[in-house]
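A quick write-up on the structure given underneath.
Quick caveat, the model's predicted, so the values are computed rather than measured.
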Amino acid sequence: NSLIDMKGLQFLLVLCLGIAVMAHTREEWKSRSIYQLLTDRFAPTNMPHGDCTTWDELREYCGGSWKGIEKNLDYIAGMGFDAIWISPYVQNTDKGYHGYWQKDLYKVNENWGTKQDLIDLIEACHARDIWVMADVVANHAGPIEFDFEKITTFPKEEYYHPYCKIQPSDFRNDQNRTEWCRLADLPDFDQTHPFVKDELLKYAKRIVEEYKFDGMRIDTIPEVPKDFWREWRATSDVHMMGEVFDDRVDYVKGYVNIIGANLNYPLFWPLRFVFNGRNSFWGVVDVIRKEIEDYDDYLDYMGMFIDNHDNERFMNKNYDIPRFKGALAFSIVFRGIPIVYYGDEQAFTGGFDPYCRESLWNKMDTNHEVYKWLGQINAYRKKNTLWEKDYKEVHFDDHCFVFTRGNTLNVFSNADWEQDQNIGVPLPEGSKLCNYLKPSECITVSGGRVSFHIAVGETKLFEPATRASFEQVFSAI
């Protein structure tokens, strides 16, 4: 009997450990760096495979698959990413290559493989300590106008709000219409209907319990009533990150404490204006100060990004590698969970949807300077465990911004000219710091100040000299 009891205890221990591994909380996610990819555009199951480049091609399925992702995990890990965000996995209506036109919540998108292929991908990721974030939709179905029978899970008109279309002005002026009307003419679920709510909440549970996803990115948050999101949030303990496509800090705040985190859209646009448009860093600093006041610790769980599938790429208007690298570095070392959009590592230049959704598979150059740069920045973040360190604003002017995370000093510039800076820093007197990106460049705190030279558009990441990697120094010789 004692042997049976011992085996039983061992089984329970393994089961509990398995559950713990699945339920990655927002606190655990803080240490992760996320690589966002569109399943249909990342990699096909078999190569060679042609690219999608034209308007018509980019609005159809191009050939990416879950097996394609699984076969290219080395490519992702080579940049230091330890989490991926993939497209919504459920079955979609015709031409739903992006995954947001759901049809059947109980079936997977057969264009990307089988249910077992998806499970195999998630298990392969977990074997490499790569977490997988599911993209999910609870607001709408695919574009079927009024032919509701085409939506397998919700085939009746009563499951949807009465017809009306969201107007651009509604997002800022009419929250009721934002929640009740159709976004892009997509049939809008009525989450107050018992059947609809029950099915959506069961879907939320399956994502974690059946497929073992580690977290969720949730689409179209403001388009759904907050009371429903509170129930969705209660379905599991995994980290959830909502999409509130809005630049207002206070408006986004209204959803942060419900979901637990959102994509940091209020900071997305200022970062672009500063690094790509050469605007004053004041635009970034102003938003950061407001977010610190409004979000408090929630800021550490927000998704930091400079590119995604809904906006023209950073490099589309101004092809500038140094400042692009600076913006990427900022998004990774600042507070929050960094998210880098696939193709950024190859400096893709796509315009608005669908041109920002290019196929990647024939351009996986691991020698590209941005690919290597991302590996460096992610390594710096992990080496110094920046997610555990306090943030302090140190200095800013129109074209230079400096902040500390713990004992690291992070310097960003968008200037078209060289700069010499002498600034006060909240670091111990006599401290010696070396630039992680150029280990031979070191500075010392003297009189509470440091001096350094900044090349055109340069980024500098100083860390305590006692932590400087001798291997990195020797490898550069």
Point to revise | Ile423/Val450 under side-chain contact (heavy atoms from CB on, under 4.5 Å): CA gap, chis, key distance, verdict | key: CA-CA 6 Å; Ile423 60 174; Val450 294; 4.0 Å; yes
Review point. Salt bridge or not for Asp246 and Lys253, using N-O below 4.0 Å?
Key: no
Point to revise | Ring centroid separation Phe348 to Tyr341 under 6.0 Å | key: no
Check your understanding: SG of Cys125 to CD1 of Ile69: how many Å apart, nearest 0.5 Å?
Key -> 8.0 Å
Check your understanding: Distance under 6.0 Å and angle within 45° of the ring axis: does Arg313 meet both against Tyr342?
Key -> yes
Check your understanding: With distance as the sole test, does Asp170 use its side chain to make a donor-acceptor pair with the main-chain N or O of Ile166 at under 3.5 Å?
Key -> no
Point to revise | Pi-cation contact, Tyr211 with Lys115 (under 6.0 Å, within 45°) | key: yes
Review point. Side-chain donor-acceptor pair under 3.5 Å between Asp397 and His399, yes or no?
Key: no
Practice item. Using atom types as modelled and distance alone, determine if a side-chain donor or acceptor of Glu345 lies under 3.5 Å from a backbone N or O of Gly343. Key: yes
**Study point:** Steps toward salt bridge (charged side-chain N to carboxylate O under 4.0 Å, His left out) verdict (Asp82, Lys382)
**Key:** CA-CA 11 Å; Asp82 48 16; Lys382 291 186 183 303; 2.5 Å; yes
Check your understanding: Do Tyr159 and Phe195 make the cut of ring centroids closer than 6.0 angstrom?
Key -> yes
**Study point:** His309 ring center near Tyr100 ring center (under 6.0 Å)
**Key:** yes
Check your understanding: Going by atom types alone, do Tyr301 and Glu27 pair a side-chain donor with an acceptor below 3.5 Å?
Key -> yes
Check your understanding: Can Glu463 and Asn384 be counted as having a side-chain donor-acceptor contact under 3.5 angstrom?
Key -> yes
Practice item. Ignoring hydrogens and angles, tell me if any N or O in the side chain of Glu243 forms a donor-acceptor pair with the backbone of Ile221 under 3.5 Å. Key: no
Point to revise | Sidechain N-carboxylate O distance under 4.0 Å for Asp416, Arg323 | key: yes
Revision key, fill the gap. When rounded to the nearest 0.5 Å, the distance separating CG of Asp227 from CD of Gln191 is 11.0 Å
Practice item. Return each pair, listed once, that meets salt bridge (charged side-chain N to carboxylate O under 4.0 Å, His left out) where at least one residue sits in residues 87-100; pairs must be two or more places apart or across chains. Key: Glu60-Lys95
Review point. Do the charged groups of Glu199 and Lys202 touch, with an N to O distance under 4.0 Å?
Key: yes
Review point. Does Thr53 offer a backbone N or O that forms a donor-acceptor pair with the side chain of Glu57 under 3.5 Å?
Key: yes
Point to revise | Backbone of Phe314 reached by a side-chain donor or acceptor of Asn276 within 3.5 Å | key: yes
Point to revise | Salt bridge Asp129-Arg32, side-chain N to carboxylate O under 4.0 Å | key: yes
Review point. Can you find a heavy atom in the side chain of Asp174 that is under 4.5 Å from one in the side chain of Ser169?
Key: no
Review point. Can the ring centroids of Tyr160 and Phe148 be said to lie less than 6.0 angstrom from one another?
Key: yes
Revision key, fill the gap. When rounded to the nearest 0.5 Å, the distance separating CG of Leu38 from OG of Ser87 is 4.5 Å
Exercise for review: Say whether, by atom type as modelled, one donor and one acceptor occur between the side chain of Tyr298 and the main chain of Asn262 under 3.5 angstrom.
Suggested key: no
Review point. Is the distance between the ring centroids of Phe275 and Phe281 under 6.0 Å?
Key: yes
Review point. Heavy atoms, side chains only, cut-off 4.5 Å: are Phe228 and Leu201 in contact?
Key: yes
Check your understanding: When the aromatic ring centroids of Tyr380 and Tyr436 are compared, is their separation below 6.0 Å?
Key -> yes
Point to revise | Distance in Å, Asn92 CG paired with Tyr61 OH, rounded so as to fall on 0.5 Å steps | key: 5.0 Å
Check your understanding: With a distance cut-off below 6.0 Å to the six-membered ring centre and an angular limit of 45° from the axis, does Lys325 pair with Trp373 as a cation-pi contact?
Key -> yes
Review point. Do we see a donor-acceptor contact under 3.5 Å between the side chains of Asn410 and Tyr391?
Key: no
**Study point:** Interatomic distance, Asp390 atom CG to Arg405 atom CZ [nearest 0.5 angstrom]
**Key:** 8.0 Å
Check your understanding: How far apart are the C-alpha atoms of Asp188 and Lys165, what are their side-chain angles, what is the distance that settles it, and do they pass the salt bridge (charged side-chain N to carboxylate O under 4.0 Å, His left out) test?
Key -> CA-CA 10 Å; Asp188 197 73; Lys165 294 171 69 173; over 6 Å; no
Review point. Is the closest basic N to carboxylate O distance between Arg357 and Asp310 below 4.0 Å?
Key: yes
Review point. Quick one: do Glu358 and Lys363 make a salt bridge, cutoff under 4.0 Å?
Key: no
Exercise for review: Show the numbers, then the answer: is there a ring pair (Phe, Tyr, Trp, His ring centres under 6.0 Å) between Phe330 and Phe412?
Suggested key: CA-CA 8 Å; Phe330 191 102; Phe412 300 91; 5.0 Å; yes
Practice item. Give the ring-plane orientation class for Phe189 versus Phe154, where under 30° counts as parallel, over 60° as perpendicular and anything between as tilted. Key: tilted
**Study point:** Between His126 and Asp214: side-chain donor-acceptor atoms closer than 3.5 Å
**Key:** yes
Check your understanding: Any side-chain donor-acceptor pair under 3.5 Å between His193 and Glu158?
Key -> yes
Review point. At what distance, to the nearest 0.5 angstrom, does OG1 of Thr235 lie from CD of Glu209?
Key: 8.5 Å
Check your understanding: Is the side chain of Asn414 donor-acceptor paired with the backbone N or O of Val274 at a distance under 3.5 Å, no angle test?
Key -> yes
Check your understanding: For Glu157, does the CD atom sit with more than 12 other heavy atoms under 6.0 Å from it, leaving out its own atoms?
Key -> no
Review point. Can we say Asp300 and Arg335 salt-bridge, meaning some charged N sits less than 4.0 Å from an Asp/Glu carboxylate O?
Key: yes
Point to revise | Identified ring pair (Phe, Tyr, Trp, His ring centres under 6.0 Å) counterpart of Tyr89 within the set Tyr106, Trp112, Phe213 | key: Phe213
Check your understanding: Among pairs that include at least one residue of residues 161-214, which meet disulfide bond (SG atoms under 2.5 Å apart), considering only residues two or more places apart or in two chains?
Key -> Cys164-Cys181
